[in-house]
Amino acid sequence: MTVRVRIAPSPTGPLHIGTARTALFNYLFARHVGGTFVLRLEDTDAARSELGYERDILEGLHWLGMEWDEGPEVAGLPARGPYGPYRQMERLPLYKEAADRLLAEDKAYYCYCTPEELAADRAAQEANHEPPHYVGRCAHLTPEERGEREAEGRKPVIRFRVGEGVVEFDDLVRGNVAIDTKALGGDLVIVRSDGTPLYHFSVVVDDAAMAITHVIRGEDHLSNTPKHILLFRALGAQEPKFAHLPLILNADRTKMSKRKSQTALDAYKEEGFVKEAIVNYLALLGWSSGTEEDIFPLDELVTRFELARVQSAGAVFDRERLEWLNGQWIRRLADDDLIERLMPFLMDDLAERARQGEQVRFPGQDEVAALLPLVRERLPVLSAIGPLVDFLFIEEIAVDPAQLVPKRWDPETTLEALTEARRVAADTGSVSFEADELEASLRALAESRGWKAGDLFMAIRVAVTGRTATPPLFDTLVALGYERTIERLDAARDLLAPATSRPA
RNA sequence: GCCCCCAUCGUCUAGAGGCCUAGGACGCCACCCUUUCAAGGUGGAGAUCACCGGUUCGAAUCCGGUUGGGGGUACCA
């Protein structure tokens, strides 16, 4: 029997980090055993489903590198796989047929209860401290009674007879789970009054129709699993194996939510998290290799992944750890690759500065390539590139006079030092403007004047970049170029003393 | 309320009866390197393995209970 798993997102919001993790575990499991990874869109909640979300989800999964073997047609490309269509709203006849079958076999029935009646039932049950459940008012209607209700114009839902007994299954991560059908809340609605199927029904009809062998999903579905198993049985379908993954948690250990955490994959992408780090991190949320390594590319995760090594307790999403992994992955990327990923972030940053009225220059890839050694180890996220190098591309940098003066110095000393530094830089630069020479001559200057090299360098750093934290100074000066270095040193001197009184 | 699941450093985890005076990683602290910031290196603090009882010569590991946390309980998915 060949393994078939699926990821079945609902296009009711942008791709959620939890959905991405569930997709990943399904993907890893499928690839590890040479099975098939199916993508199915569960869009039966017409009120909340949107095409834009669907695209976001598909693009996100694709971006992370999880190609599906079977899935819906997208952007003009035909559906892949023999079990299509892969959007539930395009599979309505299938649910209709399945529901009719259950109806014919009296495993399901029409229910005409109004929302008001159901609400009243629930209120009464609550008052009596009973668990909420459907009372079965319509469970045994005669044809006449049904006729009366139809005549009133009531549109029925279809309910599935849950029956009595204990449903037991062997969860691949949790072991044996047994739940009494009494805890299920009575006969459950499987088809809405408008004829569309509800999740618990469509998911089973489809998993059966698509020959899914393993259902790997979040723990939030664990209590609902008996409903599904009962439905599989009623439909005469082979029930799949189940594996319920631990939930991803907010810092307060509740189920990760938009309200308390950043849940949209897109938001992480826009901050400059690389896909390798996200995949790596998501895999480590609930799974561990059992070794002491923690950096794994996708293909290695595929070879190592086992459901048996999945944790059963929930895992708090730890952004710090994600950032660390991101830095690790950024350091590992090939030059060309990193440049390509960095460019959009840098361009966006500069474009934003331009919008704010600053004069900026947009560098080409070659120019950014030259900066790579200066920034590579300083990027926890790709979006950190702007603040690291934008002073190179902005005509007029803002310099704070207060920051210009090193802690141990006074303005006079600083002015003198910058003046001397300008002279030395000009002298050196007239021969060759290179990092080693600049460093040697400026160190010599500091020594001859009894200044701490660090203080001198800090004054220069702030003068030419406007910042106290930058890539290494001399490489920065070279990147800036001779002329702009001199210009900025002069501008900084002006800041410390009016031009008229500036020492020549 | 009822049902189900879970429980090892702040966080992610290793651990499947003796290898555990509980290991690794993130974060934190210190030192080294160093022109700043990073990165890197070294070291450190940090967990009476939720609690109680049992099984056993021996338990973080097995069993029971307690407590705590989470999830589910819709004409949402």
Side-chain angles (χ1 to χ4, degrees), chain A residues 8-13 19 42-45 47-49 111 113 115 118 122 125-126 128-133 155-159 171 174 177-180 182-186 188-194 196-200 202-203 218-226 244 246-247 249 251-255 281 284-295 308-309 311-325 327 331 375-380 384 388 406 439 442-443 446 452-458 460-462 465 467-474 476:
Chain A
S10 269
T12 53
T19 306
E42 310 223 322
D43 54 355
T44 56
D45 184 353
R48 292 197 298 147
S49 293
C111 168
C113 295
L118 296 173
R122 214 161 299 146
Q125 288 156 3
E126 204 168 315
N128 291 332
H129 302 290
E130 287 172 45
H133 61 276
K155 289 266 176 272
V157 300
I158 298 174
R159 282 188 189 268
D171 191 279
R174 270 146 233 280
V177 178
I179 298 177
D180 196 301
K182 281 201 267 296
L184 266 28
L188 67 132
V189 179
I190 55 175
V191 178
R192 293 185 179 87
S193 50
D194 70 1
T196 58
L198 245 25
Y199 167 77
H200 294 307
S202 55
V203 77
E219 195 202 327
D220 46 354
H221 287 292
L222 188 60
S223 315
N224 289 325
T225 302
H244 287 91
L247 258 20
L249 274 19
D252 63 6
R253 305 203 74 89
T254 53
K255 182 164 84 162
Y281 180 69
L284 261 20
L285 270 188
W287 172 86
S288 66
S289 68
T291 69
E292 290 191 344
E293 305 144 272
D294 34 28
I295 312 262
R309 296 202 58 85
Q311 192 85 2
S312 38
V316 173
F317 188 88
D318 180 7
R319 190 201 158 88
E320 304 257 29
R321 193 167 154 87
L322 207 211
E323 257 185 41
W324 172 75
L325 269 172
R331 267 162 245 145
V375 300
R376 184 167 218 131
E377 321 258 271
R378 281 167 251 262
L379 295 170
L388 265 184
E439 177 166 5
L442 286 166
R443 272 189 197 284
K452 291 202 72 165
D455 290 333
L456 207 220
F457 296 167
M458 183 53 85
I460 299 172
R461 170 177 295 110
V462 175
T465 68
R467 298 178 192 277
T468 54
T470 68
L473 180 60
F474 307 103
T476 299

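First the proteins, then the strands, lettered A, B, ... as listed; each starts at 1. The figures here come from the full heavy-atom set of this structure, side chains too, leaving out hydrogens, waters and symmetry mates.
Side-chain contact of A:Ser312 with A:His244: a donor-acceptor pair under 3.5 Å is absent, judged by distance alone. No side-chain N or O of A:Ser10 forms a donor-acceptor pair with one of A:Thr12 less than 3.5 Å apart. Judged by distance alone, the side chains of A:Arg192 and A:Thr196 do bring a donor and an acceptor atom under 3.5 Å apart.
When both distances must be under 3.5 Å, the Watson-Crick or G-U wobble mate of B:rG17 does not exist. B:rC62 is paired with B:rG54 under the Watson-Crick or G-U wobble criterion, all donor-acceptor distances under 3.5 Å. The pairing partner recorded for B:rC9 is none, the criterion being a Watson-Crick or G-U wobble arrangement whose two distances lie under 3.5 angstrom. The partner of B:rG1, taking Watson-Crick or G-U wobble pairs whose two distances both stay under 3.5 Å, is B:rU73.
Here B:rU36 presents its P atom at 11 Å from CD of A:Glu439, a figure rounded to the nearest Å. Note: CZ (A:Arg378) to P (B:rU35) measures 13 Å, nearest angstrom. Distance CH2 (A:Trp287) to P (B:rA14): 10 Å, rounded to an integer number of Å. What separates CD of A:Glu323 from C1' of B:rA38 is a distance of 13 Å, to the nearest Å. Between the CG atom of A:Leu284 and the C1' atom of B:rA14 there is a distance of 12 Å, rounded to whole Å. Taking atom CG of A:Leu379 as the reference point, atom C1' of B:rC37 lies 12 Å away to the nearest angstrom. Between A:Phe457 atom CZ and B:rU36 atom P the separation is 10 Å, expressed in whole Å. The distance between atom CD of A:Glu377 and atom P of B:rG41, rounded to the nearest whole Å, is 11 Å.
The nearest heavy atom of RNA chain B to A:Ala178 and to A:Pro471 marks one nucleotide each, and the one closer to the 5' end goes with A:Ala178. Residue order along RNA chain B, read from the 5' end via each residue's closest nucleotide, puts A:Val177 first among A:Gly454 and A:Val177.
A:Glu130 comes within 4.0 angstrom of nothing in the nucleic acid, heavy atoms only. Residue contacts shown for A:Ile179 are limited to sugar-phosphate atoms, with no base heavy atom under 4.0 Å away. Contacts of A:Gly286 with the nucleic acid, taken as non-hydrogen atoms under 4.0 Å apart, involve only primed sugar atoms and P, OP1 or OP2. Within 4.0 Å (heavy atoms only), A:Pro226 reaches no atom of the nucleic acid at all. Base contact: A:Phe474 has a heavy atom under 4.0 Å from a base atom. Across all strands shown, A:Ala453 has no heavy atoms under 4.0 Å from either base or sugar-phosphate atoms.
With sequence neighbours left out, the side-chain contact (heavy atoms from CB on, under 4.5 Å) criterion links A:Glu126 to no other residue. The side chain to side chain donor-acceptor pair (under 3.5 Å) test applied to A:Arg174 returns no partner, not counting sequence neighbours. In this structure A:Arg159 satisfies the salt bridge (Lys or Arg N to Asp or Glu O under 4.0 Å) test with no other residue, sequence neighbours excluded.
Side-chain contact check for A:Val462 versus A:Arg467: every heavy-atom pair is 4.5 Å or farther apart.
Separation of the C1' atoms belonging to B:rG69 and B:rA25 is 25 Å when rounded to the nearest angstrom. Straight-line distance between the P atoms of B:rG24 and B:rG43: roughly 10 Å, to the nearest whole Å. Nucleotides B:rU42 and B:rC26, compared at atom P, are 11 Å apart to the nearest Å. Across the P atoms, B:rC63 and B:rU55 are found 15 Å apart, a figure rounded to whole Å. To the nearest whole angstrom, the two C1' atoms, one in B:rG71 and one in B:rC76, are 16 Å apart. Nucleotides B:rC2 and B:rG10 are separated by 32 Å at their P atoms, to the nearest Å. To the nearest whole angstrom, the two C1' atoms, one in B:rA77 and one in B:rG72, are 13 Å apart. Comparing B:rU48 with B:rU8, their P atoms sit 11 Å apart, to the nearest whole Å.
Taking a cutoff of 4.0 Å between a charged side-chain nitrogen and a carboxylate oxygen, A:Asp194 and A:Lys155 do not qualify as a salt bridge. Salt-bridge formation is detected for the pair A:Asp45/A:Arg48: a Lys NZ or Arg NE/NH1/NH2 atom is positioned less than 4.0 Å from an Asp or Glu carboxylate oxygen.
Nearest heavy atoms, A:Val316 versus A:Tyr281: O-OH, 3.9 Å.
Considering only side-chain atoms of A:Ala315, the nucleotide from B:rC4, B:rU35, B:rU13 that sits closest is B:rU13.
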- request: List the protein contact pattern of nucleotides 15-34 of chain B with one symbol per nucleotide (5' to 3'): B for base contact, S for sugar-phosphate-only contact, - for none; contact means a heavy-atom distance under 4.0 Å.
  value: S-------SSBS--------
message: Across nucleotides 62-77 of chain B, 5' to 3', mark each nucleotide with B, S or - according to how protein heavy atoms within less than 4.0 Å reach it.
response: --------BBSS-BBB
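Sorted by first then second residue, the salt bridge (charged side-chain N to carboxylate O under 4.0 Å, His left out) pairs that include residues 311-321 of chain A, not counting sequence neighbours, are A:Glu271-A:Arg319, A:Arg319-A:Glu323.
Taken from CZ in A:Phe457 to NZ in A:Lys452, the straight-line distance is 12.0 Å, to the nearest 0.5 Å.
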